[in-house]
Every structure is written in C-alpha cells, then in structure tokens.
Number of protein chains: 2
Amino acid sequence: MKIGQVAEVSGLPAKTIRYYESIGLIEPAGRTSSGYRAYQEKDIETLKFIQRARSLGFSINEVSALLMLWNDRNRASAQVKELAKQHVADMDRKIAELQSMKDTLSNLIEKCQGDHRPDCPILNDFAQTDR
Amino acid sequence: MKIGQVAEVSGLPAKTIRYYESIGLIEPAGRTSSGYRAYQEKDIETLKFIQRARSLGFSINEVSALLMLWNDRNRASAQVKELAKQHVADMDRKIAELQSMKDTLSNLIEKCQGDHRPDCPILNDFAQTDR
DNA sequence: ATGAGGCTTACAGTTACAGGAAGGTCAAGC
DNA sequence: GCTTGACCTTCCTGTAACTGTAAGCCTCAT
C-alpha cells in the first residue's frame, strides 16, 4: 500500500506519516523499486494505534511510550494504566484552568453593556493595576 | 525603571517583554545612555494589561486587538464584548473536547486491572481497527 | 579593581505538524 | 509512443509563544 491509501485508512495525513517516520516514532517504511513508501498490514495497525492515542490527547512522547508497551508482550498493564492516569490528571488540570479563565471572563462580559459607548468593564478590569 | 523591575511588577519575564517588543506588540522602550531599556508608568500599565489578558487565555493577536481598542477613546464597548464572547466560545469548545477525551480514557482506565498481567483494555482499544 | 549580578544581542530549540517548490513515477487515453 | 494528471519524492520554510544559552557590556559594592 502506498502512503496515500494508508493516509485514508489510518486517518492520518500522508504528511504526518512521513513526519512520524522522520522523528523516529515509526520504523522507516519499506520502498518500492521506484522509491515509493510501501506499507504492510502491521504498519497500518501501528498507524491506527497512533491515530487513536493522539486523538485522546496523548503527546508524541507518550504515544512512543505506549507503542513500546504495546509491542512488549511482557509488559504489565499497570504501567499503561499509570500513564493513562497521568494523562487524565493533565487533562483535568487543563480543564480546570480553562474553566476558571472562562468563568472570570464570562463574569466580565455580563457586566459589559456592549453598546456604542466606550465604557467597558472588561477593558477596565484588564487595566486594573491593584490585583 | 529597568526591565528587571518591570518584570517583577508586571508579572511578565524580562525575556517575554523583549519578545513582545521584537514582534511589535508593544512600542520599543526608551533607552538609558548606556543602552538599557527604560520604562515609563504608561508602559508598565500596558504590560500589566497584557499580562492580565494573556492570563485569561487571549492570544497575542487578540491582545493586540484589545490594546488598540483600549487605546482608542472612541471605540464602542460592543467590539470588546464581541471579542471576549468569541474567546469564551473558543474556550467552551476546548473544554468540551478535553472533557470528551478525558471521559473516553477514564472509561478505559476503569476497565483495566492494572496488575502484573499484560492484558490491557486500554491498549486493546487503541489497537481496535473497526472503529 | 574586581567580582556579582543585571543588562545587551543573537541564535537555537520547543510541539506537531502544514504549505509549497521542484522534480520523479504510474496508469490511462489517444 | 506520448501526453496528461494524479500521486509520490525530498527539502525548506513557517506556525505560537516563548525559553535557553552564549558571549559580552554595565553598574555597584567592597
């Protein structure tokens, strides 16, 4: 299979697949006699795995760790669980941070008339020096 | 005031202040005879404004727009409100996305024993091809 | 006068790719 | 046999918003 088809079935752009190869996340693909990348079933499964993990927000580094665990028949599931838990904790932190920012800004928006007059509690708050 | 003190009172690292100058977000600061940056009260207020807006998640571009509105005595507050609302909508999208990823992963974690055995529903799910 | 700490510029590195240029390959149609 | 268009190749640049590092002035206190 050539990279274009692999891109379709894996859900990853061809550009991204080449990128993953270039940074060593995946093994260099085989080549046809004319130099095109040629993918096997196993490669495609790996790329789907990566796509799924990335879509759940794992970083490239985390995906790399997950791939190693996946390819290690003797790994303990506890390691995977631990990695996943840390990732969930990261997400929780980010969600809380975003939520807090959003709440603050939403409050300011409510106070702002939003008409033609220049007085705006949002800007006034931003300019507040005693905070 | 020199950049170090400005960094302290504004809450922005000196490095970041120089960066903001380099990209044109703020005017080039005045200089002492020996070449050090010298800041006025107005500059410091601007930097505090930027710090506050950034801490609420506005991008540099958005901050730039907010600064123009702030410095425009004739702007209508409606524009500011609109910008802020869009930003809140962005945050809502991001929160929802993170929450959804988190829920999915949390479900998988619950199903995982997390012991010494290699069988792991998390990895199995990632490797699932029929999704 | 010398040492510590603050300031200067400039360049590289970070994350995870996307865009584009210049050129090779392949299957189909005339 | 030749062209055309889609697909492939590598290489380089750009993105957001900084942070780190190096090499070298400036300032102040001892």
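Predicted, not measured: the structure shown is a model, and the values here were computed from it. Throughout, protein chains are lettered first and strands after them, A, B, ... in sequence-line order, and every chain is numbered starting at 1.
For B:Arg37 (side chain) and B:Ala29 (main-chain N/O), no donor-acceptor pair under 3.5 Å exists by modelled atom type. No side-chain donor-acceptor contact under 3.5 Å links A:Ser100 to the backbone of A:Ala96. Between the side chain of A:Ser77 and the main chain of B:Arg117, a donor-acceptor pair closer than 3.5 Å is present. Proximity of a side-chain donor or acceptor of B:His87 to a complementary backbone N or O of B:Leu56 within less than 3.5 Å is detected.
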Can you check nucleotides 16-19 of chain C for protein contacts, nitrogen or oxygen pairs under 3.5 Å, and list what you find?
unit_1: C:dA16; atom_1: O3'; unit_2: A:Arg54; atom_2: NH2; d: 3.4
unit_1: C:dA16; atom_1: N7; unit_2: A:Tyr19; atom_2: OH; d: 3.3
unit_1: C:dC17; atom_1: OP2; unit_2: A:Tyr20; atom_2: OH; d: 2.6
unit_1: C:dC17; atom_1: OP2; unit_2: A:Arg54; atom_2: NE; d: 3.0
unit_1: C:dC17; atom_1: OP2; unit_2: A:Arg54; atom_2: NH2; d: 3.2
unit_1: C:dA18; atom_1: OP2; unit_2: A:Thr16; atom_2: OG1; d: 2.9
unit_1: C:dG19; atom_1: N7; unit_2: A:Lys15; atom_2: NZ; d: 2.8
unit_1: C:dG19; atom_1: O6; unit_2: A:Lys15; atom_2: NZ; d: 3.2

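Heavy atoms of B:Arg37 sit under 4.0 angstrom from primed sugar atoms or phosphate atoms, though from no base atom. Here A:Ile23 lies out of heavy-atom contact (under 4.0 Å) with every strand.
Hydrophobic cluster membership differs between A:Phe58 and A:Met68, with clusters built from Ile, Leu, Val, Met, Phe, Trp and Tyr side chains linked at under 4.5 angstrom. Hydrophobic clustering of Ile, Leu, Val, Met, Phe, Trp and Tyr side chains at less than 4.5 Å, counting indirect connections, keeps B:Met1 apart from B:Tyr36.
A 6.0 Å sphere centred on CD of A:Gln5 holds more than 12 heavy atoms belonging to other residues, nucleotides or ligands.
In this structure, A:Gln99 CD and B:Lys94 NZ are separated by 14.0 Å, a value rounded to the nearest 0.5 Å.
Because its NZ or CZ atom is not both nearer than 6.0 Å to the ring centre of B:Trp70 and within 45° of the ring axis, B:Lys48 does not count as a cation-pi partner of that residue.
Remark: P of D:dT10 and CZ of A:Arg18 are 7 Å apart, rounded to the nearest angstrom. When the C1' atom of C:dT25 is taken as reference, atom NZ of A:Lys2 falls 8 Å away, rounded to whole Å. Rounded to whole angstrom, the span from the CD atom of B:Glu21 across to the C1' atom of D:dA17 amounts to 16 Å. Across the protein-nucleic acid pair, A:Tyr36 atom OH and D:dC8 atom P stand 7 Å apart, rounded to whole Å. Atom CZ in A:Arg31 sits about 14 Å away from atom C1' in D:dC7, given to the nearest Å.
When the C1' atoms of four end pairs are superposed on the next four at each end of the helix from C:dA1-D:dT30 to C:dC30-D:dG1, using five pairs per end, the two resulting axes differ in direction by 30°, to 10°.
OP1 or OP2 of D:dT27 lies within a sub-4.0 Å distance of a side-chain N or O belonging to B:Ser34.
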